[in-house]
Number of protein chains: 2
Amino acid sequence: MAKSQEILEQLKESGHRFTGKRKIVVDLFIEYKDKYLTAKDVYEHVKKSYPSISYDTIYRTLALLKQENLIEEMEYGDEASRYRLSCGQGHHHHLVCLGCGSIKVVKDCPMELINIDRDDFTVVNHRFEIFGYCSTCGHSNKS
Amino acid sequence: MAKSQEILEQLKESGHRFTGKRKIVVDLFIEYKDKYLTAKDVYEHVKKSYPSISYDTIYRTLALLKQENLIEEMEYGDEASRYRLSCGQGHHHHLVCLGCGSIKVVKDCPMELINIDRDDFTVVNHRFEIFGYCSTCGHSNKS
DNA sequence: GCTTTAAATCGTAATCATTTCGATTGACAA
DNA sequence: TTGTCAATCGAAATGATTACGATTTAAAGC
């Protein structure tokens, strides 16, 4: 609650408005702070309080929160994008549970460990994610 | 041509048919063996020879070739999936040029360099790709 | 070569996530 | 309290991909 207030203040400072819908979205991410949620998850949740909520609002809110570095986006295969509360400013990677969507942070970055010829290639971005099952979800459903 | 023949023979051995459309698709991947192509690229190309080609055929052909490990699929952001000729049996990663779609192979795998607690997490998969611009495309269009 | 038949293909519609848009509402600065 | 523009709504559009009933065709067997 204090936390969501803080986040919404931050939005306000960067020239955006404080709305009830945004508060609900932020609260949801805080509640599930160690999980990835889909746009649909968020939509269904907000719908409980605002039955007339539109996907337009959901996607713009997600884009805004992402742009403000308050949430992170992740894609896996051709499934819908998933979002979670930003876990901090430092660069990091994730262990993503395919069962429950929970994540663990990996601090090591392969870009610092790997050797590539940067004269031959200008790196602008990289992607590194590890998928599997957390201890709760066990060893099931191997793919 | 010898190569495409070889690939189509391999398909045949696993119980699939040799069709003119499949040959054209395979030839295309051989011609652009160092680039990623979208389903649409493939569709447009086949359309030249078979104007009535359907996307159904393109996607099933891509799925078949992928299933037979003849091509590899890659996704970047919310753009369309891209495909390229399989570069071999060994595990590897890619430098992907955001300009022209060409790729370079990286033999090092971060999973061998990084330290994670495998008692706490059962790894089933990982993803590691480096995006940027090749020497031909230069340093432009940073994102 | 001719028949057979299941795989492959066609044409088109459906699906699903996401985006767009004109009209309306509402937050908040003055 | 009011004016303005961001935010939202409702609904349709988009773009990639998939699905499906009808038709065609590769290739195995005669």
Side-chain angles (χ1 to χ4, degrees), chain A residues 4-5 7-26 28 36-68 70-71 73-83 101, chain B residues 4-5 7-26 28 36-68 70-71 73-83 101:
Chain A
S4 76
Q5 206 69 27
I7 286 178
L8 288 161
E9 286 302 330
Q10 186 177 328
L11 274 187
K12 215 160 161 180
E13 275 163 32
S14 39
H16 303 283
R17 292 184 179 164
F18 182 117
T19 70
K21 283 150 199 137
R22 283 179 180 170
K23 175 159 168 37
I24 287 182
V25 172
V26 169
L28 180 67
Y36 274 104
L37 304 172
T38 63
K40 192 179 176 188
D41 292 337
V42 178
Y43 175 78
E44 299 295 350
H45 179 80
V46 180
K47 212 180 174 64
K48 290 178 196 163
S49 310
Y50 293 90
S52 67
I53 186 76
S54 150
Y55 265 109
D56 176 281
T57 303
I58 298 298
Y59 279 106
R60 271 183 305 87
T61 301
L62 292 173
L64 176 67
L65 293 175
K66 185 185 169 187
Q67 172 199 311
E68 299 292 322
L70 299 170
I71 59 172
E73 183 179 3
M74 195 262 311
E75 284 144 9
Y76 182 64
D78 55 359
E79 291 172 20
S81 274
R82 290 170 175 274
Y83 305 83
Chain B
S4 75
Q5 205 70 29
I7 287 178
L8 288 161
E9 286 302 330
Q10 187 178 328
L11 273 188
K12 216 160 159 178
E13 275 162 32
S14 40
H16 303 283
R17 290 184 182 166
F18 182 118
T19 71
K21 283 150 199 134
R22 283 178 180 172
K23 175 159 167 35
I24 286 182
V25 172
V26 169
L28 179 67
Y36 274 105
L37 305 172
T38 62
K40 191 179 177 189
D41 291 337
V42 178
Y43 174 78
E44 298 296 348
H45 179 81
V46 179
K47 210 179 176 65
K48 290 178 196 163
S49 310
Y50 294 90
S52 67
I53 186 75
S54 151
Y55 265 109
D56 177 281
T57 303
I58 298 297
Y59 279 106
R60 272 185 303 88
T61 301
L62 291 173
L64 175 66
L65 293 175
K66 185 185 170 188
Q67 172 197 312
E68 298 293 322
L70 299 170
I71 60 173
E73 183 178 4
M74 193 262 311
E75 284 144 9
Y76 182 63
D78 55 359
E79 291 172 19
S81 274
R82 290 170 176 274
Y83 305 83

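Just so we're on the same page: letters track the sequence lines, and every chain starts at 1. From a predicted model like this one, the values you see are computed outputs, not experimental measurements.
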*When B:Leu70 is tested against each of B:Val25, B:Leu8, B:Leu11 for side-chain contact (heavy atoms from CB on, under 4.5 Å), which residue passes?*
B:Leu11

*Under 4.0 Å between a side-chain N/O of B:His16 and OP1 or OP2 of C:dA7, yes or no?*
no

_In this structure, how many angstroms lie between the P atom of D:dA26 and the CZ atom of B:Phe18, rounded?_
10 Å

*So which one's nearest nucleotide on DNA chain D is more toward 5', B:Tyr55 or B:Thr19?*
B:Tyr55

_Nearest-Å distance for atom pair CD/P, residues A:Gln67 and D:dA6_ = 14 Å

*When you measure from the side chain of A:Ser81, which nucleotide among D:dT8, C:dG11, C:dT18 comes out closest?*
C:dT18

_Test of ring centre spacing under 6.0 Å for A:Tyr55 and A:Tyr43_ = yes

*In whole Å, what is the span from the CZ atom of B:Arg22 to the P atom of D:dA27?*
9 Å

_Euclidean distance, atom NZ of residue A:Lys12 to atom C1' of C:dA27 [Å, nearest integer]_ = 9 Å

*Round to the nearest Å and state the distance from A:Tyr43 atom OH to D:dA11 atom C1'.*
11 Å

*Side chain of A:Tyr59: nearest nucleotide among C:dT19, D:dT18, C:dC28?*
C:dT19

*Taking for each residue the nucleotide of DNA chain C with the nearest heavy atom, is it B:Gly15 or B:Ser52 whose nucleotide lies nearer the 5' end?*
B:Gly15

*What closest approach, in Å, do A:Lys66 and A:Ile71 show between heavy atoms, and which atom pair accounts for it?*
N-CG1, 3.6 Å

*Between D:dT14 atom C1' and B:Lys40 atom NZ, what is the distance in whole Å?*
12 Å

For nucleotides 24-26 of chain C, print each protein N/O atom paired with a nucleotide N/O atom at under 3.5 Å, atom names and distance only.
unit_1	atom_1	unit_2	atom_2	d
C:dG26	N2	A:Arg17	NH1	2.9

Shorter than 3.5 Å, N or O on both sides, protein versus nucleotides 20-24 of chain D: list them out with atom names.
unit_1	atom_1	unit_2	atom_2	d
D:dC20	N4	B:Asp56	OD2	2.5

*Between C:dT20 atom P and A:Ile58 atom CD1, what is the distance in whole Å?*
17 Å

*For A:Ser54, report the nucleic acid contact type (base, sugar-phosphate, nothing); a contact means any heavy atom under 4.0 Å.*
base

*Would you kindly give the CD1-to-P distance between A:Ile53 and D:dG10, to the nearest whole Å?*
9 Å

